[in-house]
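Remember, it's 1-based here, ligands and their atoms both numbered in the order they're listed. Worth knowing before you read on, the calculation uses all heavy atoms, side chains too, and leaves out hydrogens, waters and symmetry mates.
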Amino acid sequence: MSTPHIVLGIETSCDETSVALLRDGTVLVNAIYTQAEHERYGGVVPEIASRAHIAKIDRLCLSVLSQSAIGVEDLSLIAVTDSPGLAGALLVGIGFALGIHCGFGVPIIGVNHLEGHIASVKIENEALAFPFLALVVSGGHTALYHVDDFAHYRCLGQTIDDAAGEAFDKVGKLLGLGYPAGQAIEAEAGAYDGDEIVSFPVARVSSPGFAFSFSGLKTAVKYHIERTGRAYAFKHRRMLCRSFQNAVIESLVHTTIAAARYTGLERIAVVGGVARNRALRAALAAAHGGAVFFPSPSFCTDNAAMIAKAGFEHYRKGIIRFPKMTPSPALRTATAPCVKSTPVS
Ligand code: KG4
Ligand code: ZN
């Protein structure tokens, strides 16, 4: 099987419409359109997300191809996110990718969104050797994986309720910071220069595996605001943001370091939208004796370059899965069989 030369990546699992091109594993362009349509609702509205993807995807793809002076006939592979995510939103990307596949005979591969996040760290860190521990920390997921290779993962534990990014977004809403709120909370927390801190509870979930829990923390912030009153809380918003962020970071760092010690994995990768957080980056790097790797910010939040990268690496290994039309929430693990097939053209 020849190595795919130029890969078109397509990502529409939530509220980012993204199209990317990879040439020989190097990102040529990674175009991301973040749907502002959801801001007024304080969260993603699935039907609005699907419609916004439909309105954007073809023009975004055309502009990515023309920017790079690449024609559809030059493509060697299309990699499209097919799970997990919002069903309608995923189907827009899958349908668009299948159109190119059927119309132009370009091979196609379905990519799990979480595999994409894990692959994102290899885009700029090709030297990061397997095996490594991956903390996937985003708006929809918070989980630890033992990564043996591309397509070979073992889940060591995950959140039993909210994802860390979801907690940032919910607390941001309570504090009037808009949606999504991760970046705004980081900015507020960074601007706080006082000593007073609220000790919000940090959940320690000992089973199953290396698990996380963030819904209690969000509720604690909510009760704190109710107790002190909104006006007082808003006046002390920077301090509350710092206190909340500290609690999230403490939980992520504690469990990740425990998993690294238990598995003996020396290299840690942190991926997903929350991996943009500089305080988290600094805390993990300080707590871990070995190397910690992070993607650049534009490869942390949802993007098609990471999907193209995962598709490219899977294709090279002969692990070719036709896109599924039935979104599932899970990431295939080493114990589950990987489907091997040849692309339908
Ligand atoms: O990976 P992503 O784009 O989407 C999912 O796959 O869920 O992650 C989005 C999440 C949002 O919850 C957002 O608030 C959070 O990442 N986020 C951050 C930061 N930037 C984005 N959280 C904390 N600090 C940040 N700087
Ligand atoms: Zn994501």
Side-chain angles (χ1 to χ4, degrees), residues 9-18 20 30 32-36 38-39 42-44 46 49 80-86 89-90 93 111-121 134-143 145 158-159 162-175 177-191 212 214-215 217-218 241-242 244-253 269-284 294-307 309-310 327 329-331:
I10 296 174
E11 156 65 38
T12 63
S13 67
C14 194
D15 57 341
E16 262 91 22
T17 314
S18 181
N30 182 34
I32 304 168
Y33 168 71
T34 300
Q35 301 173 353
H38 307 283
E39 262 174 44
V44 178
V80 60
T81 309
D82 65 353
S83 268
L86 302 172
L90 284 165
V111 173
N112 181 292
H113 183 78
L114 303 183
E115 289 187 279
H117 274 303
I118 292 172
S120 70
V121 74
L135 170 65
V136 181
V137 61
S138 69
H141 304 273
T142 301
Y145 291 95
Q158 57 190 318
T159 179
D162 290 353
E166 190 180 353
F168 269 94
D169 297 337
K170 286 177 174 171
V171 166
K173 197 170 176 179
L174 293 171
L175 292 171
L177 290 169
Y179 174 87
Q183 225 173 318
I185 289 185
E186 179 179 2
E188 289 281 290
F212 301 92
F214 295 105
S215 73
L217 171 58
K218 168 209 65 195
C241 286
R242 172 76 73 84
F244 162 77
Q245 182 175 274
N246 282 358
V248 175
I249 291 174
E250 189 183 329
S251 162
L252 293 172
V253 170
V270 188
V271 300
V274 182
R276 292 176 81 130
N277 189 289
R278 280 160 301 177
L280 170 64
R281 289 176 177 232
L284 253 177
F294 306 91
S296 291
S298 62
F299 297 134
C300 287
T301 31
D302 290 350
N303 67 91
M306 68 184 195
I307 303 303
K309 175 70 175 167
L331 171 62

Protein contact to atom 24 (N) of ligand 1 [nearest heavy atom, distance to 0.1 Å]
N277 ND2, 3.1 Å
So for ligand 1, is T301 a polar contact partner (N or O within less than 3.5 Å, distance only)?
no
Heavy-atom distances under 4.0 Å are what count here, so tell me which part of H113 touches ligand 1: side chain, backbone, both or neither.
side chain
Candidates D302, D15, L114; heavy atom nearest atom 2 (P) of ligand 1 found on D302
Name the option, out of E16, E186, R281, R276, that contains the heavy atom nearest to atom 26 (N) of ligand 1.
E186
What are the two closest non-hydrogen atoms of S120 and P295, and how far apart are they?
OG-CG, 3.4 Å
Which of the numbered atoms in ligand 1 are below 4.0 angstrom from a heavy atom of H117?
1 (O), 6 (O)
Tell me whether T81 contacts the main-chain N or O of E11 through its side chain, where contact means a donor paired with an acceptor under 3.5 Å.
no
Under 30°, 30 to 60°, or over 60°: which ring-plane class applies to F168 and F244, parallel, tilted or perpendicular?
perpendicular
Distance below 2.8 Å from the Zn ion (ligand 2): how many protein N/O/S atoms qualify?
3
For A305 and N30, work out which heavy atoms get closest and say how close.
N-OD1, 3.1 Å
Please tabulate, one pair per line, all N/O donor-acceptor pairs under 3.5 Å involving side-chain atoms of residues 177-186, not counting sequence neighbours.
from : atom 1 : to   : atom 2 : distance (Å)
E186 : OE2    : R278 : N      : 2.9
E186 : OE2    : R278 : NE     : 3.0
E186 : OE2    : R278 : NH2    : 3.3

Mind checking whether G273 has an N or O less than 3.5 Å away from an N or O of ligand 1?
yes
Considering I185, V271, D169 one by one, which has a heavy atom nearer to atom 14 (O) of ligand 1 than any of the others?
D169
For atom 18 (C) of ligand 1, which candidate among A164, G182, P84 provides the closest heavy atom?
G182
In terms of heavy-atom contacts, G273 and T301 come closest through CA-CG2, 3.7 Å
Restricting to side chain to side chain contact (heavy atoms under 4.5 Å, CB included), what partner residues turn up for C14, sequence neighbours left out?
V44, L86, D302
With F294, which residues qualify under ring-ring contact (aromatic ring centres under 6.0 Å, His included), at least two apart?
none
Heavy-atom closest contact (V274 atom, L280 atom, distance):
O-CD2, 3.8 Å
Locate the shortest heavy-atom distance separating I10 from A304; write the atom from each residue and the value.
N-CB, 4.0 Å
Please work out which of G139, G85, A163 has its closest non-hydrogen atom nearest to atom 10 (C) of ligand 1.
G139
Heavy-atom pair of closest approach, residues A163 and F214:
C-CD1, 4.0 Å
For ligand 1, which atoms sit closer than 4.0 Å to a heavy atom of G165?
12 (O)
I'd like to check which ligand 1 atoms, numbered from 1 as shown, lie under 4.0 Å from a non-hydrogen atom of P180.
14 (O)
Numbering as shown, the atoms of ligand 1 that approach C300 to under 4.0 Å (heavy-atom distance):
1 (O)
Note, N277 side chain near V137 side chain (heavy atom, < 4.5 Å)
no
